[in-house]
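Letters go in sequence order (proteins before strands), and every chain restarts at 1. Please read all numbers here as calculations on a predicted model, not as lab measurements.
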There are 4 protein chains.
Amino acid sequence: MSSTGEAPRKNRGPAAAAENRQALIDAARDLFAEQGFSVPFSAIARRAGVGQASLYRHFPDKVAIGVAVFEENLRLLEARPVGLHDFLVSIADQAKVSASLLEALVTSRSPLAEDLAVRLSAIITDMIARDDLPPGTTVDDVQAAVSMVAFHTAAAPTPDAAERAIAIVERGLRAL
Amino acid sequence: MSSTGEAPRKNRGPAAAAENRQALIDAARDLFAEQGFSVPFSAIARRAGVGQASLYRHFPDKVAIGVAVFEENLRLLEARPVGLHDFLVSIADQAKVSASLLEALVTSRSPLAEDLAVRLSAIITDMIARDDLPPGTTVDDVQAAVSMVAFHTAAAPTPDAAERAIAIVERGLRAL
Amino acid sequence: MSSTGEAPRKNRGPAAAAENRQALIDAARDLFAEQGFSVPFSAIARRAGVGQASLYRHFPDKVAIGVAVFEENLRLLEARPVGLHDFLVSIADQAKVSASLLEALVTSRSPLAEDLAVRLSAIITDMIARDDLPPGTTVDDVQAAVSMVAFHTAAAPTPDAAERAIAIVERGLRAL
Amino acid sequence: MSSTGEAPRKNRGPAAAAENRQALIDAARDLFAEQGFSVPFSAIARRAGVGQASLYRHFPDKVAIGVAVFEENLRLLEARPVGLHDFLVSIADQAKVSASLLEALVTSRSPLAEDLAVRLSAIITDMIARDDLPPGTTVDDVQAAVSMVAFHTAAAPTPDAAERAIAIVERGLRAL
DNA sequence: AATGAATGAGCGTTCATTCAT
DNA sequence: TATGAATGAACGCTCATTCAT
């Protein structure tokens, strides 16, 4: 009974929990990038190579895992702050993921999501100061710009969509 | 709740065709407004009080009925041209419908959709001229602004989202 | 009211009945040849360019129109009798139609179908005599051979299926 | 009609997988026998007392389950080889199933189906040798005979259809 | 705690059949 | 009598969610 076994995947005990969680988050990010937020929730478990119930144990629904991906992205931003332009470009580069995460954040009512919103505000507040945005520029203004670039670029078919969108909103923010 | 009844819906004959078509378009507009473009196609038939197959006779898919709704909106604009600001406000007022129509327009490759795109371009070209937008402003610029306002407002939870988005993109377009 | 009109198709009165009937039979034969007996019944009306209800007026169901096609084929055979081999070859050439008609004939319980069966028997009886088939060969034997060739050829993917099938059953019938 | 109940069907867990698979194959065989290969795919799940999605998990389409039924039949033949006559009789006894399996085999392009075709060829090659069929008799000849008997018997209404068909093709094969 | 099979509801689509005109 | 639109009942397929192991 304790031979090499041919079991499809062993129950490796609690130790595997963290690994699984990370695999799920990575799979979700990939799938959001490829297919947008409308991927089947169960596809995430498949892609991660993890059982369905484990997915549900870690994340009760798609929004929850979206929030978790968001958290990772935020951590990167906190570690290495960027200016407005670079921020918008990175949003557009990952337009489908960005749009997915915004959907998740807006949809979620969890305290974790609240926390993320606060941390994002802090990042943006900092960015406004460091990047010489006109006085009066609010966090909400920048968030709106981000959302507009993300959703438009995710939906637009042409390759120059991102560039054009960024140009417009950046001018709109700076030309106060 | 007395006698309106839920009779199995009588076949009113071909005379009902035009009525049904209009009922379907109206139902689609309502549902797009309530739930976005992702409403089940069959929900449109249900809401219109029309059989599934009649929906399919009139419109082969969701994109087709999206295009039909678009056409009605476009006709209004052609009849009564408006300036950029009013245009964006009306887009935002019907944000979910607007986003739905943009999705339909972008998704479709039908000649009918092409025709609508051309008509929309004409409207915007005219608007650029009449509304003193900076020389060099392109139709694509305005379309991007429209798309950004529509998608952002459709997704955003707060009531002032539209106003803020319009302010940003309008400034962005005028500040050339 | 009696202008040139643009009505999709005028009600041309009883005179059109015969024409419609023939158009339906021709359409059915074509569709059986292309797609087998499983074509949607309504496709026949479409192909014939005739209203659905007219199809139903002339033929209550698919079996009935199959029988009608059969009748035409039988008339040709009565006008110009052929030998066993040529008969089997023509069955195989039109394998899908042949299989369709056999299905219709077997399924139908109408007196017309009975009549056709009788006429077919007469043709085969005549053929047995003229074609020197072994004494003792029954009409049922020949009918079975026809059915086998038709169904097998209709189902078989390879081009030599018909030839092989004909060789086997013809030998089987003649080698008594 | 007292207590057998129609409980909403409990989830008996993964242990039921093998049972379910077998129940599906059995149900498919029954339904093919009763109604031919054209039974609705979903009817198989209903008959087996299994959810739709479980059917799809085990067999992606009707052809796949046809192949599985075929496999069982083939295994019996491999275990206990029979002569041509007995083979044709058993085909005819299960005419509708046989015709269904032939349709599945012909329709499928899967490697599994190829494998079955090869095994069937081996069985027939062996049979040709053991049963003194004339030299020159090919596997394709015998397969054609099988197909003809199966399809004809499945379609024919009369009880003596099988016997007659077998007599003809057997004579056709032996009288070389 | 992890697995992955089972469930059933729902959506998209097609078809046979009816019915007002 | 011919027309063709309307109807609703299936069928194929997928997905979110649960549960025995």
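Rounded to the nearest 0.5 Å, atoms CG (Leu55(B)) and CZ (Arg46(B)) are 10.5 Å apart.
One finds a side-chain N or O of Ser54(A) lying less than 4.0 angstrom from the OP1 or OP2 phosphate oxygen of dT3(E). Regarding contacts with the backbone of dC11(F), a side-chain N or O of Arg46(D) is found under 4.0 angstrom from either OP1 or OP2. When the side-chain nitrogen and oxygen atoms of Asn20(D) are compared with OP1 and OP2 of dA6(E), one or more of them lie within a distance under 4.0 Å. Applying the 4.0 Å criterion to OP1 and OP2 of dC15(E), one finds that Ser42(C) has every side-chain N and O outside that range.
Of the two residues contacting DNA chain E, namely Ser38(B) and Arg21(D), the nearest-nucleotide position lying further toward the 5' end is that of Arg21(D).
Following rounding to the nearest Å, Phe41(B) (CZ) and dG10(E) (C1') show an atom-to-atom distance of 16 Å. The nearest whole Å value for the distance from the CG atom in Leu55(A) to the P atom in dT17(F) is 10 Å. Rounded to a whole Å, the CD atom of Gln35(B) is 14 Å from the C1' atom of dG10(E). With rounding to whole Å, Arg47(C) atom CZ is found 17 Å from dC15(E) atom C1'. In this structure, the CD atom of Gln52(A) is 17 Å from the P atom of dA20(F), given to the nearest Å. Taking atom CG of Leu24(D) as the reference point, atom P of dA6(E) lies 9 Å away to the nearest angstrom. Separating the CD1 atom of Ile44(C) from the P atom of dT17(E) is a distance of 12 Å, rounded to the nearest angstrom.
For the pair Arg29(C) and Glu72(C), the salt-bridge criterion is met [side-chain N within less than 4.0 Å of a carboxylate O]. The residues Glu34(C) and Arg47(C) are annotated as salt-bridged, a charged nitrogen and a carboxylate oxygen being separated by less than 4.0 angstrom.
Arg57(D) and Asn20(D) share no donor-acceptor pair across their side chains, judged by distance under 3.5 Å alone.
A heavy atom closer than 4.0 Å to some atom of DNA chain F occurs in Arg57(B), His58(B), these being the qualifying members of residues 57-69 of chain B.
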Could you give me the CA-CA distance, side-chain angles and deciding distance for Glu103(C) and Phe151(C), then say whether side chain to side chain contact (heavy atoms under 4.5 Å, CB included) is met?
CA-CA 10 Å; Glu103(C) 272 193 65; Phe151(C) 284 118; 4.2 Å; yes
So Leu101(B) and Val97(B), side chain to side chain contact (heavy atoms under 4.5 Å, CB included) or not? Walk me through it.
CA-CA 6 Å; Leu101(B) 299 188; Val97(B) 178; 4.1 Å; yes
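Nucleotide dA16(E) has dT7(F) as its partner under the Watson-Crick or G-U criteria, with both atom distances under 3.5 Å. Using Watson-Crick or G-U wobble geometry with both donor-acceptor distances under 3.5 Å, dA1(E) finds no partner in any strand shown. If you check dT21(E) for Watson-Crick or wobble pairing at under 3.5 angstrom, you find it paired to dA2(F). In this structure, dG10(E) forms a base pair with dC13(F), meeting either the Watson-Crick or the G-U wobble geometry with both donor-acceptor distances under 3.5 Å.
Within the 4.5 Å cutoff, the side chain of Gln35(A) has no heavy atoms near those of the Lys96(A) side chain.
Listed by first and then second residue, the ring pair (Phe, Tyr, Trp, His ring centres under 6.0 Å) pairs involving residues 28-57 of chain A are Phe32(A)-Phe37(A), Phe41(A)-Tyr56(A) (not counting sequence neighbours).
Within 4.0 Å (heavy atoms only), Tyr56(B) reaches at least one base atom of the nucleic acid.
Minimum atom distance to the side chain of Ala53(C) is reached by dC19(E), of the listed dA16(E), dC19(E), dA16(F).
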